[in-house]
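Throughout, protein chains are lettered first and strands after them, A, B, ... in sequence-line order, and every chain is numbered starting at 1. Owing to the predicted nature of the structure, the values given are computational and were not obtained by experimental measurement.
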There are 2 protein chains.
Amino acid sequence: MRRLPARRPTIRDIARRAGVSESAVSFALNGRPGVSEGTRERVRRVAEQLGWQPSTAARALSGEGSATVGLVLARPARTLGVESFFLQLVSGVQEALALRGLGLLFQVVEDVTAECAVHRRWWAEHRVDGLLVVDPRADDPRPALLAGLGLPTVVIGAMDDPAWEARPDAALSNLWADDAAAMDSVVGRLDALGHRRVAHVAGLGELAHTRRRGAALRRAAERHGLHVTSVTTDYSDAQGAEATRRLLAAPDPPTAVVYDNDVMAVAGLAVAARRGLSVPSDLSIVAWDDSVLCRSTHPPLTALARDTAAFGRRAAEELIALLDGGPARRTRDATPRLVERASTGRPVGRGAADSR
Amino acid sequence: MRRLPARRPTIRDIARRAGVSESAVSFALNGRPGVSEGTRERVRRVAEQLGWQPSTAARALSGEGSATVGLVLARPARTLGVESFFLQLVSGVQEALALRGLGLLFQVVEDVTAECAVHRRWWAEHRVDGLLVVDPRADDPRPALLAGLGLPTVVIGAMDDPAWEARPDAALSNLWADDAAAMDSVVGRLDALGHRRVAHVAGLGELAHTRRRGAALRRAAERHGLHVTSVTTDYSDAQGAEATRRLLAAPDPPTAVVYDNDVMAVAGLAVAARRGLSVPSDLSIVAWDDSVLCRSTHPPLTALARDTAAFGRRAAEELIALLDGGPARRTRDATPRLVERASTGRPVGRGAADSR
DNA sequence: CCAACACACTAAAGCGCATTAGTCGTTGAC
DNA sequence: GTCAACGACTAATGCGCTTTAGTGTGTTGG
């Protein structure tokens with residue numbers, strides 16, 4: 001009834017039109033030796049004029065790979081569509097991939113088990129040439145799986161050292177940001193402002209970076225002689241708010257809270273406002289990951305900023321390097337920097353810095 | 001040096017193991033007649049045991065299609081990674097696609113021209129079987145292009161009637177929400193609260209739904225005898241804030257503002273707070289599209305809520321129906337409903353409803 | 001008892017491209 | 001002047017799967 005054919009041109013069409021064999025066309029179009037410059041040029045023109053594009057399916061079949069990389073997000077749907085992080089990351093990833101004509105196959109699943117299944121399927125189906133893995137976690141099954149399948153992979157985010165070293169000689173690179181250093185800068189600043197009790201509203205406990213941040217916080221606090229509390233959440237606004245309520249209800253509430261994402265920080269701010277606390281004099285707030293959100297609240301939030309799109313772009317570039325046969329490597333990205341806005345300041349009242 | 005082979009099993013392996021021909025395997029696995037139940041079962045077991053998965057590349061080559069649908073987002077990078085809308089939409093889309101083993105090829109580009117180029121390339125490369133198109137706009141070149149290419153497509157969002165009717169007998173469906181009705185409900189409510197001057201901070205002027213909302217607002221305002229102002233923006237927090245400042249600086253500022261997305265609404269709220277205006281008594285705020293954002297501010301924002309993930313799911317289902325050879329059709333999704341929170345109320349002072 | 005016909009299955013071709021193994025006409029070297 | 005080497009191409013094969021056209025066997029009916 002519909003679907004007017006609109007047949008795609010194939011190299012065969014080009015061959016006929018240019019009066020050469022299909023192989024000559026293939027050579028010409030792929031820059032292989034074996035055709036004269038004249039013929040090459042002629043073939044190119046015909047291809048252009050016919051609007052020819054290579055069929056990725058055919059290419060993939062004849063061993064070239066599918067010109068596609070995969071990215072799967074394993075997060076419960078509930079905590080999704082919230083953080084700006086992923087869309088920005090993806091947007092950066094694409095920028096780099098598009099330059100090479102690589103497509104991005106994207107999927108959202110509930111958990112890591114499902115993610116592994118997807119990886120396995122994609123591999124078996126020849127769908128992807130490489131993978132981007134996000135949210136590395138403790139006892140992460142993915143690096144081993146992908147190494148076993150021989151799929152070039154870039155893990156985005158700090159992996160635990162054992163996980164990194166355990167990987168065999170696989171095509172597995174890692175791009176990480178120094179969360180510990182970033183946390184240090186936060187704690188140092190809070191200490192300088194006179195805070196003595198700092199809380200950390202952390203993200204999912206299984207994630208490697210959650211642990212790193214927590215550990216860094218404890219170390220830094222010890223160095224500075226601060227008291228710290230930590231609560232883990234699922235990154236949702238609900239749990240961010242709930243954690244804030246709990247922290248503030250404690251007998252000796254913190255005067256500063258560091259949130260592991262922007263959404264929870266904003267939720268925390270709202271809780272403080274509802275309780276009549278003034279930010280920053282009663283409570284200082286720091287958000288991990290800057291975004292529009294942080295800039296739009298009142299007061300705007302101090303945040304650990306990084307260029308997420310650039311992060312994604314670099315990750316994609318690492319993967320491309322791997323795809324080109326380059327060596328696996330571990331690269332450190334820029335450390336998030338503390339952007340101070342109006343949500344942090346000296347604590348006053350409510351038994352703040354006086355205990356020093 | 002690396003990349004341990006780990007060859008994927010093919011139907012040939014299955015055939016050998018099961019002691020039948022490759023064609024028999026193909027028939028057995030695809031539920032085609034021509035094999036006995038016993039053989040079919042045996043083949044299935046062997047395939048299972050070998051962990052076989054069909055190669056999409058090979059499938060695509062032999063005419064079955066690539067088992068992939070495409071979605072490209074044409075938005076300047078700046079306004080991206082902001083709204084929760086897209087990630088949620090995508091997450092819903094996937095849920096439906098995954099049930100059918102369809103992959104989602106995703107790309108972000110700067111503008112519609114680039115989007116068309118991507119569509120064309122995907123088509124020529126045999127990469128996708130169908131497409132999801134978002135943000136229909138006035139004089140949209142995409143429906144005609146895709147109809148011409150014969151790619152089954154679902155346009156997500158209200159298309160202008162001419163655009164819809166002009167489409168030839170192509171595999172082009174449309175899923176839309178009644179923004180006009182939603183706008184009516186907002187205006188009705190604001191009128192009932194006593195507002196007389198309402199402003200609309202709209203999104204990109206080229207988008208069809210921006211125009212529809214604007215037109216609906218004007219009609220409704222006329223019906224209710226209200227005065228309306230409208231400003232178009234690029235959806236960014238910066239322009240949302242700027243528009244708000246301009247509106248509030250006017251000689252006869254509005255007492256209620258409807259923002260075309262959550263980000264701008266939050267930015268507007270911050271502007272109001274900075275100017276010392278109290279929300280809602282000095283200014284009522286309504287956000288189009290509900291999200292964590294709206295719930296997390298203080299006061300929380302009244303918003304037009306809809307189930308975006310479900311919207312995406314339905315869109316994907318429409319596309320699957322099309323892929324299955326179903327007829328093109330136009331479907332109306334649920335109308336966004338007004339969720340009243342603390343950011344709307346009766347206007348007081350500042351020359352509010354007294355002029356009635 | 002043989003033709004007609006199901007039935008279960010195999011052989012072979014084709015999808016679009018890359019690649020390997022030729023083929024053929026020139027050149028260059030000795 | 002002859003032979004090897006080279007450049008410019010073409011022919012043929014394979015990738016993994018679907019599909020069409022057989023093939024051979026057993027059953028049925030006249």
Output the residues of residues 58-65 of chain B in contact with DNA chain C, where contact means a heavy atom of the residue under 4.0 Å from an atom of the strand; sort by number or write none.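 Heavy-atom contacts with DNA chain C come from B:L61, B:S62.
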Contact residues, residues 22-46 of chain A to DNA chain C [heavy atom, < 4.0 Å]: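 Heavy-atom contacts with DNA chain C come from A:S23, A:S26, A:F27, A:N30, A:R32.
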Going by number, which of residues 48-55 of chain B have a non-hydrogen atom under 4.0 Å from DNA chain D?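 Listed by number, they are B:W52, B:Q53, B:P54, B:S55.
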Span of DNA chain D, from the first to the last nucleotide whose atoms fall under 4.0 Å of chain A heavy atoms: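 It runs D:dA8 to D:dG16.
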Mind checking salt bridge (charged side-chain N to carboxylate O under 4.0 Å, His left out) for [X] and listing every partner two or more places apart, or none if nothing turns up?
X      : result
A:R59  : none
A:R120 : none
B:R313 : B:E95

I'd like the 5' and 3' limits of the part of DNA chain C contacted by chain B, with heavy-atom contacts below 4.0 Å.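 First-to-last contact on DNA chain C, by the 4.0 Å heavy-atom rule, is C:dA8 to C:dG16.
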Listed by chain and number, what are the side-chain contact (heavy atoms from CB on, under 4.5 Å) partners of B:T113, not counting sequence neighbours?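 So B:T113 forms a side-chain contact (heavy atoms from CB on, under 4.5 Å) with B:D111.
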Restricting to side-chain contact (heavy atoms from CB on, under 4.5 Å), what partner residues turn up for B:Q49, sequence neighbours left out?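 B:R17.
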Net bend of the helix from C:dC1-D:dG30 to C:dC30-D:dG1, end axes of five pairs each, nearest 10 degrees: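 Rounded to the nearest 10 degrees, the bend comes out at 60°.
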Please, which pairs that meet side chain to side chain donor-acceptor pair (under 3.5 Å) have at least one residue in residues 148-157 of chain A, sequence neighbours excluded?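 Side chain to side chain donor-acceptor pair (under 3.5 Å) check on residues 148-157 of chain A returns no pairs.
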